[in-house]
Each structure stands twice: as C-alpha cells, then as structure tokens.
Protein chains: 2
Amino acid sequence: MMSAMHTPTLYRQWADHYAQAIHSGALPPGERMPSLRDLMARHAVSLSTAVQLCRTLEREGLLEARPRAGYFVRPRRPLASLQEPQPSAPDVAQYVGIHQRVSEVLALSQRYPAKVNLSGSCGAPSLYPGAALRLATQRALRAQPDIFSQPLAMAGCAPFLQALAQHALDAQMTLSPDELVVTHGCTEALTLALRAVAQPGEVIAVESPTYYGLLQILESLGLQALEIPASPHTGLSLEALEMAARQCPGLKAVAVTPNLHNPLGCVMPDAHKRQLLRWCQRHDIALIEDNTYTPLYDAGPPLAAIKAWDDSGQVIVCSSLHKILAPGLRLGWIAGGKWHERIAMLKYSQSRPNELLPQLAMTDYLSSGALPRHLSTLKRTLRHQREQMADAVDRLFPAGCRFSLPPGGMSIWVELPGELSSLAVFHAALQQGIRISPGVMFSNAGRVDHCLRLNAGLPYTREVDRAMHTLAQVIEHTLNQAPAGRGKATHA
Amino acid sequence: MMSAMHTPTLYRQWADHYAQAIHSGALPPGERMPSLRDLMARHAVSLSTAVQLCRTLEREGLLEARPRAGYFVRPRRPLASLQEPQPSAPDVAQYVGIHQRVSEVLALSQRYPAKVNLSGSCGAPSLYPGAALRLATQRALRAQPDIFSQPLAMAGCAPFLQALAQHALDAQMTLSPDELVVTHGCTEALTLALRAVAQPGEVIAVESPTYYGLLQILESLGLQALEIPASPHTGLSLEALEMAARQCPGLKAVAVTPNLHNPLGCVMPDAHKRQLLRWCQRHDIALIEDNTYTPLYDAGPPLAAIKAWDDSGQVIVCSSLHKILAPGLRLGWIAGGKWHERIAMLKYSQSRPNELLPQLAMTDYLSSGALPRHLSTLKRTLRHQREQMADAVDRLFPAGCRFSLPPGGMSIWVELPGELSSLAVFHAALQQGIRISPGVMFSNAGRVDHCLRLNAGLPYTREVDRAMHTLAQVIEHTLNQAPAGRGKATHA
C-alpha cells in the first residue's frame with residue numbers, strides 16, 4: 001500500500017514545484033513547459049509521473065495542452081481558479097444589515113468623483129442602440145400626440161407586453177402577455193416579487209454572494225436574507241439550501257440569478273435548475289428568478305430560464321432590458337406565476353403603471369428585428385473587453401489573486417489573496433480616482449469581504465489600463481500593510 | 001314667552017313649505033320667489049315674518065337674493081349642503097381591508113368598457129400642454145444623444161430638482177433641491193413616506209373619507225388606517241384626531257390632503273394647518289401632506305402647504321405634476337424633512353432613480369415660463385366644468401342629493417339620500433356604460449358608502465349630459481328599490 005501511494009506523492013510534489021514557479025512568475029504565462037522527456041530526465045521520474053504532473057496542472061488550470069506542441073503555462077488564471085465555498089449550514093447570526101454598508105459605499109462613491117468607474121455592471125454607452133431608440137421615440141411621439149396628456153390605462157401597454165412575451169421565448173419561456181407586468185427595472189420587479197410572497201420578518205434564501213441590490217431590498221422590506229453558499233462554477237449549492245431549509249421551516253422564497261450570476265458570472269447547470277424548481281414546488285416555496293443577464297451569454301446556444309420548466313406557476317421571473325438595450329431606461333418586467341394577481345395589485349398601489357413613451361419606443365425597436373444583430377455585436381464586444389480586463393488582472397495583480405472569466409456579461413470577480421479586505425482596497429482606490437465594487441456589498445455573511453467586482457463593460461482604453469496598473473499597486477500596497485496572518489503567508 | 005315664540009314657528013312653518021316646494025321641483029331652480037308683498041298677502045303674515053322666511057331659506061342655500069329683483073330659487077344646492085360628520089372617537093374595529101373592495105371596483109371598471117368615464121380625477125387631454133411637452137421632449141433628445149445609453153446617476157436630475165424647488169415656492173414652501181427626491185408620481189412618494197416612518201402593524205391616521213390610493217398603499221404595506229372624520233368644509237377634525245391619538249398611543253403619522261381634498265374638495269383653514277403641524281411636532285408624529293391639487297385652487301390667492309410653516313422637518317410633502325401638467329407622465333416628488341435620507345435610500349432600493357427624458361422635458365417646459373398661463377386657463381376651464389356638472393347634479397339628481405362645489409380641482413362629491421348604497425349605483429351605472437367612483441372606495445369605515453365622486457375634468461359635452469341624465473335615473477331607480485328605512489322615508 002505504501003508503495004502504491006509513492007507515485008502520486010511524487011507527481012504531486014513536482015506539480016507543486018511547477019505551480020509555485022508559475023505563481024511566482026518564474027514560468028510566465030504563455031511559456032512552454034518542459035517536454036515529458038525533459039521532465040523525466042530532469043527529475044528522474046517515470047513517463048506516467050511526468051504525464052500525471054502535467055495533467056494535474058492542466059486540471060488545476062495552470063497549464064494548457066496545445067495539440068502537437070506540448071503543455072504551456074495558461075495565459076491567465078482561469079475561471080476554475082476561484083475557490084469553491086466550504087459546504088456548510090448557514091449561520092443564522094448572519095441576519096445582519098447590509099444597508100449601512102452599501103449606503104456608505106454608495107455615498108462615498110458619490111462624494112469622490114471617479115476618473116475611472118469600474119464599479120458598475122453596465123456596458124459603455126457606445127455599446128447600446130441609442131440612436132435607434134431615439135428615432136423610435138420620435139416616431140412614438142408623432143404617432144401618439146396625446147401621449148403625455150392621456151392618463152395611463154391600468155392594464156398597461158399591450159404592444160409592449162406582447163413584445164416582451166416574444167422576447168422571453170429566447171430564454172425558452174412561453175408567457176402570455178397578460179401574465180406580465182411592466183416595472184421600473186428589475187429592481188422594482190424584485191421588490192414586488194418579495195412583497196408578494198413574504199411578510200416582514202420572514203426568511204428568503206439568497207445566493208452568497210448575491211447582487212447587493214437584492215440584499216438592500218430584503219432589508220428595507222424587513223425580510224431576513226438567508227445566505228446559501230454559491231459555487232463560482234455552478235451557482236447556488238442545492239445541498240446547502242436543503243440543509244438551510246431544515247433549519248428554517250418558514251422559508252418563503254429562494255431568490256437566484258441562475259444565468260450569469262451577479263457578481264460571480266457563473267451559470268447554473270440545467271440539471272440544477274430543474275432540481276431547484278422541483279424542490280421549490282415540493283415545499284411550496286416561491287422561486288424568484290432574476291433573468292436580466294441571460295441574453296448576454298456567449299459561450300453556446302442561448303440559456304434557458306428556470307421558468308422554462310415551470311409547469312405550476314412556482315417561479316416568479318424578474319427581468320429588464322436595462323443591461324442589454326438601454327441603461328438609461330428603466331424597463332423591467334415580471335411574470336408572477338401564481339402570484340400574478342397580487343403582484344399586479346402591488347404594482348398599481350406602489351407606483352401605478354409605467355409611462356407609455358419608453359414602452360412604445362422599445363416595442364418599435366424590438367419589432368424592427370434589430371435585436372439579434374445588436375445582441376451579437378454586444379456579446380462579441382463584451383467578451384473581448386472581459387478578456388482584456390481578465391488579462392490585465394492576470395498580468396498586473398499580485399500573485400494569489402484569483403478571478404473569473406465568465407461566459408457572458410460584463411463582470412470580473414476577483415478574489416484577493418488571503419483575507420485581504422476589499423473595503424480597504426475600495427477606499428485606497430477611491431483616493432486614486434478609481435471606483436470598484438468591494439465584495440463586502442455582496443454578502444452580509446462576510447464570506448466575500450476579500451473579493452471585488454470589476455466592470456468590463458467599458459472599452460479597455462489606455463486610461464482603463466492605467467487604472468488597472470494603479471489598482472494593482474493599491475492591492476499590493478494594501479497587501480503589504482495587512483497585519484500578519486491576513487496576507488498569503490500563514491506564519492509571520 | 002309662548003307668544004314670543006309664535007312668530008318664529010310661523011316663519012319656520014312657511015319656510016318648510018317653500019323648502020319642500022323647491023326640493024320637489026314645484027319651484028324649479030332659477031324661479032322667482034313670490035315678493036314679500038305677495039307672501040304677506042298670500043299667507044296673511046307680517047312683513048317681518050315674510051323677510052325672516054326668505055332670509056332663512058337664503059341661509060339654508062335654497063334661495064338667493066338678487067339686488068333690486070327679489071329672491072330666486074338657487075340654481076343649485078350649494079357646497080354648504082354637504083353634511084358635517086358627527087364628531088366621534090374612531091372605531092378601532094374599522095381596521096378592515098380596502099384592497100378587495102377597491103380591487104373589485106377597479107377590476108369591474110376594466111372589464112366593462114365605459115362610454116363615459118366619470119370615475120377619474122383628471123382633466124381631459126385637451127386641457128394639458130401636450131404639444132409643448134412633445135417639443136420639449138424632442139429638444140431633450142437632441143441635446144442628450146446618449147440619454148438612453150447612459151446609466152442613471154444616483155443623485156437624480158439636478159435641473160429638474162431645481163425646477164421643482166422653484167415650483168414649490170408657489171405653495172410657500174422653501175425647499176432646497178437636495179432635500180427633494182423625484183418619484184414615480186405622488187403614489188410612489190406616499191409609499192416611500194409611509195415606508196420611511198412606520199413598520200407593518202403600526203397605525204397611520206387618515207382623513208375619512210380619503211383618497212383610496214392611500215388606503216391601498218396602507219393596506220399593502222400592512223399598516224393600519226385610523227380614519228379621522230373630515231368636515232366637507234374644513235377637512236380633518238383636529239378634535240377627533242386628538243381623541244384618536246389618546247386611544248392609539250403608537251400613532252406614527254397623520255396623512256392629509258389639506259388643499260382641495262380628494263374626494264371632498266375642501267380646503268383646511270390656515271389656522272388648522274398650523275395647529276395640526278404644532279400638534280404633530282409636539283407628539284413627534286410624522287405629518288404626511290399630499291400637495292398634488294394645491295395649484296388648482298381658484299377661489300383666491302394661492303394656498304400654502306402645511307410644509308410652508310414646518311420649521312423642524314416634521315412634514316413629508318408628497319406631490320406630482322400629474323394633475324396639473326401631464327396625466328401621462330408619472331412625475332412626482334417628495335420632500336422628506338427629517339426622514340429625507342431614509343426616503344432617498346428606500347427610493348433607490350425600491351425602483352432606482354427615475355428616467356431622465358421626462359424630467360429634462362419638464363424642466364424645459366417649467367423654465368419656459370409657460371406654467372402660470374397654462375394654470376390660469378386650466379383653472380378657469382375646470383371651474384366652468386365643475387359648475388356645469390354641479391348644475392346637472394342639481395337639476396337632474398333626485399331630491400335629497402347633496403353635493404360639493406369645491407374651490408378648485410375636478411371632483412364633485414355627491415351624497416345620495418338616506419343610506420343609499422353607492423356601490424349599487426356604481427354597478428347599475430356600469431351596466432349603462434357609465435363609470436363613477438363609489439364612496440365605498442374612500443373609506444374602510446363605511447362612513448361614505450352613500451356618496452360618490454364624479455370627475456368634472458371632462459368638457460361638459462352632450463354625451464356627458466346624457467350620461468348625467470342616465471345616472472340620475474339610475475340613482476332614482478336604485479332609490480326606489482332600496483329597502484324600507486334606507487331611502488328618504490323614515491317609515492314604510
């Protein structure tokens with residue numbers, strides 16, 4: 001037995017050696033690994049040990065195999081390098097406020113003008129069809145001269161509801177226009193969904209980390225956020241959810257972003273989506289799905305919303321055209337499933353129907369057939385920008401930084417080494433005119449305080465590149481100032 | 001003593017005789033009363049009895065004196081004819097839901113297409129500067145080509161906030177732009193105000209009757225509405241409020257519409273406004289003021305908001321440009337006083353900032369100086385329409401109907417005779433293609449179930465006149481069907 005264990009130990013030992021060389025920069029990205037023959041000779045190991053060494057590093061994302069050329073150091077630390085969360089039962093003591101923290105971050109962001117704003121989750125204005133929407137707006141103004149003087153009909157704007165129902169087909173959702181309600185962005189949709197299914201004091205399960213806007217809504221409604229660990233690769237941990245639900249028998253809803261999660265960027269596998277849906281159906285727990293980023297997936301055929309499998313109205317899907325078409329418009333929508341009537345009433349009582357003009361302009365745009373072309377360009381550009389930004393993180397940020405390269409959208413999620421505080425980095429970066437979103441905004445549970453979100457929605461200009469250099473220095477500096485035990489080293 | 005009482009009894013006897021003749025239509029509106037000489041001869045009474053008879057009927061609003069022409073039957077029953085509420089302590093058992101009732105009325109209203117819609121509280125499209133706002137919108141589109149592609153700044157639209165602060169001066173409020181938040185209409189403003197000051201389960205005092213939208217918001221937020229009787233002449237009864245507050249020590253806010261109350265149309269005297277404010281300050285109870293209709297007052301110099309006297313931030317003022325400029329836009333605002341920070345946070349977390357285009361267009365319009373001219377025309381038109389509709393109520397509706405003729409705005413509030421159910425009238429009228437707002441929407445307490453609100457915002461066309469004839473018949477018919485004891489007669 002001891003002898004059988006020997007070979008793995010040997011390949012692991014050499015794998016660690018090369019991993020260290022790669023992390024330290026001694027073997028820079030793109031560099032060719034010694035060939036199998038070289039490795040055998042240099043370290044006096046068997047062919048199978050040399051093969052296992054390389055395959056292990058490949059699996060760990062440090063090497064890539066190029067056909068007929070051998071192994072090379074991967075140009076950047078890949079998605080896989082983000083750490084998996086420890087599976088654990090949720091800590092109920094984590095029900096603490098996010099408001100104060102998020103409000104402080106937002107207030108500071110307002111106070112200090114940022115030369116380079118990497119804090120958002122939004123494409124640059126040039127990426128959106130602003131001119132087409134302006135023309136569509138002008139057409140709508142001409143077509144409906146009374147548009148500002150007519151009171152709004154309670155039932156909403158029928159052609160826009162129709163266009164949304166058609167748009168939802170892209171994520172494999174078959175929705176009738178009269179099960180939709182137009183909202184002020186996905187934010188109002190989420191607010192209405194939560195108001196519809198839960199009373200103050202009740203508990204909602206959310207991914208950890210999750211979009212800070214969701215945590216703000218929960219807290220402002222007096223709801224409790226129960227954070228369920230999410231994998232940076234597959235999203236919400238269903239095992240952790242089941243454990244949590246046993247602890248919280250009154251769980252009212254699970255709120256998830258299965259496609260292009262914000263901030264992780266990951267996609268929940270279809271099998272998990274179905275499993276989560278069945279679980280929610282079985283326990284009659286509302287499944288609130290944020291579907292905003294789905295159309296920005298660019299690594300394969302279009303993703304399906306969980307709602308696509310919903311045969312019982314258990315899913316409330318919330319979405320918006322904000323991220324894909326018009327960051328300056330607040331055109332969101334909600335399909336409330338079996339809570340539709342209550343949601344429609346809450347929308348009416350909370351803010352009345354949305355104004356017509358943006359809905360008519362958007363209907364005009366959507367029915368022009370321009371969306372697929374626009375989306376294809378948008379996704380190509382965002383992919384390029386994500387790669388450039390990830391490359392910069394990889395080149396410039398200190399060793400020990402891990403990051404995602406998501407299959408769509410505009411966010412890069414970075415884990416800083418050790419327990420480095422992203423809030424310290426946020427403050428220091430803001431002093432240099434650079435705004436980022438610190439991890440502390442995305443979880444009450446302190447699980448991602450050492451992470452930060454960068455916006456790859458902007459073109460990777462020289463100015464952004466300079467900002468990335470500065471940010472790298474800020475992180476390096478903060479790292480050096482971190483008290484012993486908080487950096488990478490485990491002993492002082 | 002008995003002899004001294006004789007004369008009053010006599011004039012009262014003849015006054016009742018003539019009042020009955022007027023109510024029955026035997027003496028129609030506009031008809032000349034017999035002269036004093038004729039009365040003396042016809043009824044063998046003294047001159048002083050004849051004079052007292054006429055003065056009594058004049059005081060009771062049935063006659064009017066025309067100089068050098070004598071007394072005439074008043075063309076309509078005047079404002080004073082609406083009944084004062086009985087001063088009484090509130091009944092805590094009145095904390096029942098309005099949702100279901102309002103929702104049913106609204107749903108029915110959606111289902112049956114109304115040929116004539118008298119249910120709103122809104123002017124006809126022709127009364128609003130739609131063309132000017134369209135041009136202003138086009139200018140804003142040209143000036144800001146990126147308007148749909150730029151994400152919205154958290155701080156809102158500075159020029160619009162500035163314009164609103166200036167507009168607020170008309171109601172004698174001195175507000176800084178940075179104590180204002182733009183909202184989706186007054187509805188969202190009221191929602192935010194209530195979310196800011198109270199937690200679910202807590203109690204808010206409201207006028208009874210009050211705007212049904214407010215009752216809906218309260219119920220949807222899980223707040224308790226404590227209805228305080230309001231006089232149709234001076235609004236909220238401060239005595240009743242004080243009695244109620246002693247019963248409800250945890251009262252969190254008082255929500256009022258002091259100027260052109262919806263639905264009563266009355267105006268709270270300035271002395272009451274100041275008294276209410278001081279009372280709220282003394283007890284640290286939030287004073288939520290709906291100021292939407294203030295600019296539509298046309299019976300004297302502009303009215304002041306309660307906020308005008310607020311020296312401690314106790315008043316949260318909610319308003320909107322909806323009723324005065326653009327029923328098709330949802331441009332509301334809120335000045336939150338000492339709750340401003342919390343309100344700004346709640347707005348951000350609930351629906352993010354409002355879109356820019358309508359704000360920029362409205363800023364353009366407001367800064368053009370066109371508002372005073374527009375308001376003056378609007379008020380003149382609305383007054384004329386109110387008078388025409390009140391005249392129709394007076395001419396056509398059965399005896400025993402009382403109604404308001406408010407000093408501004410577009411609502412006519414009608415009390416039906418006895419305990420006639422406005423809901424029955426609503427249903428019957430809807431069958432005839434006429435939509436009204438039944439009193440049952442405006443109170444949980446059942447105090448105004450026999451009332452209804454009519455919209456005088458529409459031009460008094462032949463179609464509206466026909467609808468008023470039909471409505472009168474519907475009321476007459478419902479009255480005849482009313483069970484014994486519910487109509488005017490006190491015995492079967």
Side-chain angles (χ1 to χ4, degrees), chain A residues 99 103 106 109-110 120 122-131 133-134 137-138 141 145-155 183-185 187-188 191 195 199-201 213 216-217 219-222 322 325-330 345-346 348-358 361, chain B residues 99 103 106 109-110 120 122-131 133-134 137-138 141 145-155 183-185 187-188 191 195 199-201 213 216-217 219-222 322 325-330 345-346 348-358 361:
Chain A
H99 262 162
S103 297
L106 294 174
S109 300
Q110 297 303 305
C122 191
S126 57
L127 303 187
Y128 295 102
L133 285 172
R134 261 194 338 272
T137 303
Q138 276 156 351
L141 279 172
D146 267 357
I147 196 161
F148 298 136
S149 306
Q150 287 275 10
L152 297 165
M154 208 179 147
T183 59
H184 294 295
T187 300
E188 193 182 41
T191 302
R195 290 188 63 191
Q199 296 300 314
Q216 270 194 308
I217 296 169
E219 186 175 339
S220 76
L221 292 174
H322 189 73
L325 277 168
L329 291 176
R330 302 287 315 153
M345 179 278 290
L346 287 172
Y348 184 78
S349 102
Q350 175 171 305
S351 68
R352 296 286 183 274
N354 279 38
E355 290 164 5
L356 273 187
L357 187 58
Chain B
H99 262 161
S103 295
L106 294 174
S109 299
Q110 296 302 307
C122 191
S126 57
L127 303 188
Y128 294 101
L133 285 171
R134 262 195 337 272
T137 303
Q138 277 155 352
L141 279 172
D146 266 357
I147 196 161
F148 298 137
S149 305
Q150 288 276 9
L152 297 165
M154 208 181 147
T183 60
H184 295 295
T187 301
E188 192 181 43
T191 302
R195 291 187 63 191
Q199 296 299 315
Q216 270 193 307
I217 297 169
E219 187 174 339
S220 76
L221 292 175
H322 189 73
L325 277 168
L329 291 177
R330 303 287 313 154
M345 179 278 289
L346 287 171
Y348 184 79
S349 101
Q350 175 171 304
S351 67
R352 297 285 183 273
N354 279 40
E355 291 162 4
L356 273 187
L357 186 57

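Sequence lines set the chain letters: A, B, ... in the order given, protein chains first and strands last, and positions in each chain run from 1.
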Heavy-atom distance under 4.5 Å to chain B: side chain of [X], backbone, both or neither?
| X | answer |
| --- | --- |
| A:P151 | both |
| A:L127 | neither |
| A:S149 | both |

Any non-hydrogen side-chain atom of [X] less than 4.5 Å from a side-chain atom of [Y]?
| X | Y | result |
| --- | --- | --- |
| B:Q350 | A:Q350 | yes |
| B:R195 | A:L221 | yes |
| B:E355 | A:P358 | yes |

For the residue pair [X] and [Y], what are the closest heavy atoms and their distance?
| X | Y | value |
| --- | --- | --- |
| B:R134 | A:P145 | NH1-O, 2.6 Å |
| B:L141 | A:Q138 | CD1-CG, 3.9 Å |
| A:D146 | B:P125 | OD2-CB, 3.7 Å |
| B:S349 | A:T187 | O-CG2, 3.3 Å |

Got a second to check how far [X]'s [atom1] is from [Y]'s [atom2], nearest 0.5 Å?
| X | Y | atom1 | atom2 | value |
| --- | --- | --- | --- | --- |
| A:I147 | B:T137 | CD1 | OG1 | 9.0 Å |
| A:T191 | B:R352 | OG1 | CZ | 8.5 Å |
| B:L329 | A:L152 | CG | CG | 8.0 Å |

**Request:** Return yes if a side-chain donor-acceptor contact under 3.5 Å exists between B:S351 and A:R330, otherwise no.
**Result:**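 There is no such pair between these side chains.
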